[in-house]
> 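Let me begin by handing over the structure; questions about it come next.
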Amino acid sequence: TRAQRSPEPKSSRMGVEVQTITPGDGKTYPQKGQKLEMHYKGTLASNGQEFDSSHKRNKPFQFTIGIGQVIRGWDEGVLKMSVGEKAKLIISSDYGYGDRGAGGVIPPNADLHFEVELLKILK
């Protein structure tokens with residue numbers, strides 16, 4: 001509908017917001033197509049319930065940025081981070097899993113919060 005497409009000047013707008021927790025080096029930013037290594041914890045925005053964490057597996061997550069291997073909120077948000085940065089990604093459902101949800105742990109149309117750390121660019 002038309003109302004859903006109108007840009008909202010408040011934090012409820014669609015997309016991804018990056019809130020820096022700990023700054024990175026401020027100069028080494030990932031580029032689309034590069035392989036990254038990250039730690040993360042994902043929670044539901046509605047109630048803070050954790051649904052996934054690389055920390056609990058004691059294994060950083062590796063993926064290629066900007067090619068759709070991860071949700072759109074990661075593909076766009078992580079590109080704004082520099083190596084070593086820890087940040088909170090606030091992701092609206094349309095940049096997350098949308099109306100399909102995921103794996104029985106993320107309900108349909110859920111806004112998500114991820115605490116992420118860009119450990120390194122593997123190339």
Side-chain angles (χ1 to χ4, degrees):
T1 66
R2 185 168 193 181
Q4 291 172 321
R5 294 185 172 267
S6 300
E8 299 268 334
K10 52 190 182 211
S11 61
S12 65
R13 69 174 179 252
M14 299 186 304
V16 57
E17 179 184 343
V18 180
Q19 296 179 346
T20 299
I21 297 169
T22 307
D25 71 4
K27 58 186 179 189
T28 312
Y29 292 87
Q31 303 294 315
K32 286 183 181 181
Q34 289 183 317
K35 189 170 188 176
L36 309 182
E37 185 171 275
M38 301 188 69
H39 262 309
Y40 70 92
K41 177 176 83 169
T43 58
L44 300 176
S46 61
N47 62 11
Q49 180 181 339
E50 183 177 308
F51 57 81
D52 195 12
S53 172
S54 64
H55 297 282
K56 288 188 175 178
R57 291 188 294 277
N58 290 316
K59 184 178 181 188
F61 177 59
Q62 294 182 358
F63 70 101
T64 302
I65 190 76
I67 63 167
Q69 280 188 358
V70 291
I71 59 174
R72 184 174 176 187
W74 272 52
D75 263 348
E76 293 189 14
V78 173
L79 286 173
K80 300 174 184 175
M81 296 174 62
S82 61
V83 170
E85 183 172 343
K86 190 179 281 191
K88 181 176 186 178
L89 302 181
I90 300 171
I91 300 173
S92 62
S93 64
D94 61 311
Y95 275 54
Y97 295 95
D99 59 8
R100 70 186 187 279
V105 293
I106 300 173
N109 303 310
D111 293 341
L112 307 173
H113 292 170
F114 283 92
E115 187 173 299
V116 296
E117 182 177 6
L118 179 51
L119 300 172
K120 58 178 111 168
I121 298 173
L122 302 169
K123 298 294 180 199

> Can you get from Ile91 to Val105 by hopping between Ile, Leu, Val, Met, Phe, Trp and Tyr side chains that sit under 4.5 Å apart?
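Same cluster.
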> Taking all non-hydrogen atoms of both residues into account, name the closest pair between Arg72 and Tyr95 and its distance.
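For Arg72 and Tyr95, the tightest heavy-atom pair comes out as NH2-OH, 2.9 Å.
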> Do Ile65 and Asp75 come within less than 4.5 Å of each other through their side chains, counting heavy atoms only?
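Yes, at least one pair of side-chain atoms sits under 4.5 Å.
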> Test of understanding: clusters of I, L, V, M, F, W, Y form through side-chain heavy atoms closer than 4.5 Å, transitively. Do Tyr29 and Val83 belong to the same one?
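Shared cluster, no.
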> What heavy-atom pair brings Leu118 and Met81 nearest, and what distance separates the two atoms?
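Smallest interatomic distance, heavy atoms only, reads CD2-O, 3.7 Å.
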> Ignoring hydrogens, what is the shortest heavy-atom contact between Gly26 and Ser82? Give both atom names and the distance.
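Scanning both residues, the minimum pair turns out to be N-OG, 3.0 Å.
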> I need the Lys88 NZ to Thr20 OG1 distance, nearest 0.5 Å.
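Rounded to the nearest 0.5 Å, the NZ-OG1 separation comes out at 13.0 Å.
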> In terms of hydrophobic clusters joined by side-chain contacts under 4.5 Å, are Val18 and Phe63 together?
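Linked within one cluster.
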> Report all side-chain donor-acceptor pairs from residues 33-46 shorter than 3.5 Å, counting only partners two or more places apart or in another chain.
unit_1, atom_1, unit_2, atom_2, d
Gln34, OE1, Gln31, N, 2.8
Glu37, OE1, Gln62, NE2, 2.7
His39, ND1, Ser54, OG, 2.7
Tyr40, OH, Asp52, OD2, 2.5
Tyr40, OH, Arg57, NH2, 2.8
Thr43, OG1, His113, O, 3.4

> In this structure, would Leu119 and Leu89 fall into the same cluster of hydrophobic residues linked by side-chain contacts under 4.5 Å?
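No, Leu119 does not connect to Leu89 through the hydrophobic network.
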> Just how far is it from atom CG of Asp111 to atom CG of Asp94, taken to the nearest 0.5 Å?
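Answer rounded to 0.5 Å: 8.0 Å.
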> With a 4.5 Å limit on heavy-atom distance, are the side chains of Ile71 and Leu112 in contact?
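In contact.
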